[in-house]
Amino acid sequence: MQKTLCQNCILQSDAAIKLIKNQLNELTDHCSRVEFKPGEIIFKENAISTNVVYIQRGLVKIHTDNFSKDRILRLTKAPSYLCLPGVLGDSINRFSATTIEPTLACFIDIHVFKKFILENGDFAYQIILALSQNEIKSFQVSLNLAQKQANGRVADALLYFAREIYNSQVFMLPFSRQELGDWMGISRESVSRILGEFHSAHIIYQNGKEITILNEELLEQISQKG
DNA sequence: CCATTAATTATCG
DNA sequence: CGATAATTAATGG
């Protein structure tokens, strides 16, 4: 295991920055980091987890195939922590995590992590903050899915990639149409059809997985109207 | 309005 | 070239 690792990458995490020096050393001793290629599984649902996973760099999807179809619950962009709800509760992962871009992940021993929460209020506060934000986002996602129709959901997905992930009107979709459908809760055929319609209406330019947003304002309207 | 089915076409390895 | 993904059209809930 590499030493002095955690001190070096610490700036990326609001929570870890609150750790004091000897806690950082302890973190280094109980943490390993792993490179993932796109499409690799970080962990699977129903597995017992003894780690908290910290995503240092990359993009990950949280999904479940508990139902007959795969459902993508959310994407999470570095930096962020995974597994917290499971690991702090019954230690069983409720969901799977799979990378969709090259990802660097740190596996942190759960006992050390719990100790930090008990010892260090600033650290604990940062973790609670992150969990709270996640919960609010989950509510928003639920509401959107409940109220919007398919073209609104696809518009949402495109705006999400453009704004939250790539900060660009031009980007390569990291998803197949199937995955987009799994994410927004619609069929892959509908995704194809709606992207085709957006293309014809010159709202986007589409060439395979290459997407250019031509009329963000209109996309926004479609997203709002549902 | 959209899922499903089915048939066709494009793309990947 | 065979397998997989994407597109398109038709049908029905």
Side-chain angles (χ1 to χ4, degrees), chain A residues 34-47 55 57-78 82 94-105 137-226:
Chain A
V34 183
E35 284 265 6
F36 289 93
K37 300 187 195 89
E40 289 191 314
I41 296 165
I42 299 178
F43 56 83
K44 288 200 76 167
E45 64 188 298
N46 298 324
I55 302 301
R57 176 161 50 72
L59 189 61
V60 175
K61 69 174 177 182
I62 308 298
H63 59 116
T64 174
D65 50 10
N66 248 352
F67 309 98
S68 54
K69 297 172 208 161
D70 199 45
R71 283 285 281 122
I72 295 172
L73 299 163
R74 66 186 176 99
L75 306 190
T76 177
K77 185 177 61 164
L82 303 181
R94 303 303 216 301
F95 308 109
S96 302
T98 303
T99 57
I100 56 187
E101 284 186 355
T103 294
L104 188 55
K137 277 185 193 165
S138 296
F139 289 159
Q140 288 171 343
V141 168
S142 296
L143 285 176
N144 280 344
L145 285 183
Q147 292 178 334
K148 287 183 185 174
Q149 301 194 328
N151 54 0
R153 299 185 194 182
V154 174
D156 264 359
L158 294 175
L159 290 172
Y160 177 81
F161 281 125
R163 292 173 177 171
E164 310 276 327
I165 303 295
Y166 296 113
N167 295 311
S168 165
Q169 306 288 90
V170 184
F171 55 89
M172 294 293 287
L173 271 180
F175 275 0
S176 67
R177 308 292 140 106
Q178 176 76 64
E179 284 176 299
L180 266 181
D182 291 343
W183 186 27
M184 304 312 284
I186 59 183
S187 69
R188 94 188 104 90
E189 289 90 340
S190 293
V191 175
S192 270
R193 181 174 44 78
I194 290 164
L195 286 178
E197 286 169 10
F198 286 175
H199 182 86
S200 305
H202 301 104
I203 300 170
I204 64 169
Y205 169 80
Q206 169 206 25
N207 182 19
K209 296 193 171 170
E210 179 192 349
I211 298 286
T212 305
I213 294 181
L214 301 173
N215 191 340
E216 182 172 356
E217 202 178 327
L218 195 50
L219 254 196
E220 178 68 40
Q221 283 177 27
I222 293 170
S223 158
Q224 307 252 329
K225 276 196 241 163

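All figures in this text were calculated on a predicted structure; none of them were measured in a lab. Below, read A as the first sequence line, B as the second, and so on, with proteins coming before strands; counting in each chain starts at 1.
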Side-chain donor-acceptor pairs of residues 201-215 of chain A under 3.5 Å, sequence neighbours excluded:
{"unit_1": "A:His202", "atom_1": "ND1", "unit_2": "A:Ser200", "atom_2": "O", "d": "3.4"}
{"unit_1": "A:Asn215", "atom_1": "OD1", "unit_2": "A:Glu217", "atom_2": "N", "d": "3.4"}
{"unit_1": "A:Asn215", "atom_1": "OD1", "unit_2": "A:Leu218", "atom_2": "N", "d": "3.0"}

A:Leu195 atom CG is separated from C:dT7 atom C1', nearest whole Å, by 11 Å

Between CG of A:Asp70 and P of C:dA5 the distance, given in whole Å, is 13 Å

I want to check one thing: is the phosphate of C:dA6, taken as OP1 and OP2, less than 4.0 Å away from some side-chain N or O of A:Ser192? no

Margin query: Strictly distance-based, threshold 3.5 Å: is any side-chain N or O of A:Arg153 a donor or acceptor partner for the main-chain N or O of A:Lys148?
Written below: yes

Per-nt protein contacts along nucleotides 5-13 of chain B (heavy atom under 4.0 Å; B base, S backbone sugar-phosphate only, - none) come out as BB-------

Between CZ of A:Arg193 and P of B:dC1 the distance, given in whole Å, is 9 Å

- Item | Any donor-acceptor N/O pair, A:Ser223 side chain to A:Leu219 backbone, under 3.5 Å | no

Axis-to-axis angle across the helix from B:dC1-C:dG13 to B:dG13-C:dC1, five pairs each end, nearest 10 degrees, ~ 20°

| field | Validation row: A:Glu189, A:Ser192 side chains within 4.5 angstrom (heavy atoms) | value | no

Under-4.0 Å salt bridge between A:Glu220 and A:Arg163:
yes

The correct set of residues in residues 140-159 of chain A placing a heavy atom under 4.0 Å from DNA chain B is A:Gln149, A:Ala150

Whole-Å distance, A:Ile211 CD1 to C:dA6 P, equals 11 Å

A:Glu197 CD to B:dC2 C1', in whole Å, measures 11 Å

Within residues 174-186 of chain A, those residues having any heavy atom closer than 4.0 Å to DNA chain C are A:Ser176, A:Arg177, A:Gln178

Discussion item. Quick check against the 3.5 Å criterion: does A:Arg71 have a side-chain atom that pairs as donor or acceptor with the backbone of A:Trp183?
Written reply: yes

To the nearest angstrom, the NE2-P distance between A:His199 and C:dT7 comes to 10 Å

Pairing donors with acceptors under 3.5 angstrom, does anything connect the side chains of A:Gln178 and A:Asp182? yes

Check: Does A:Ile62 offer a backbone N or O that forms a donor-acceptor pair with the side chain of A:Arg74 under 3.5 Å?
Finding: no

Output for pair (A:Gln149 CD, A:Asn151 CG), nearest 0.5 Å, gives 6.5 Å

Here the gap from A:Arg94 atom CZ to A:Glu45 atom CD, rounded to the nearest 0.5 Å, amounts to 11.0 Å

Q.
When you measure from the side chain of A:Lys77 to the backbone of A:Glu164, do you find a donor-acceptor pair of N or O atoms at a distance under 3.5 Å?
A. yes

A:Glu40 meets the side-chain hydrogen bond (donor to acceptor under 3.5 Å, both in side chains) criterion, sequence neighbours left out, with none

inquiry  = Is it the case that the side chain of A:Thr99 and the backbone of A:Pro102 share a donor-acceptor pair, with hydrogens and angles ignored and the cut-off at 3.5 Å?
reply    = no

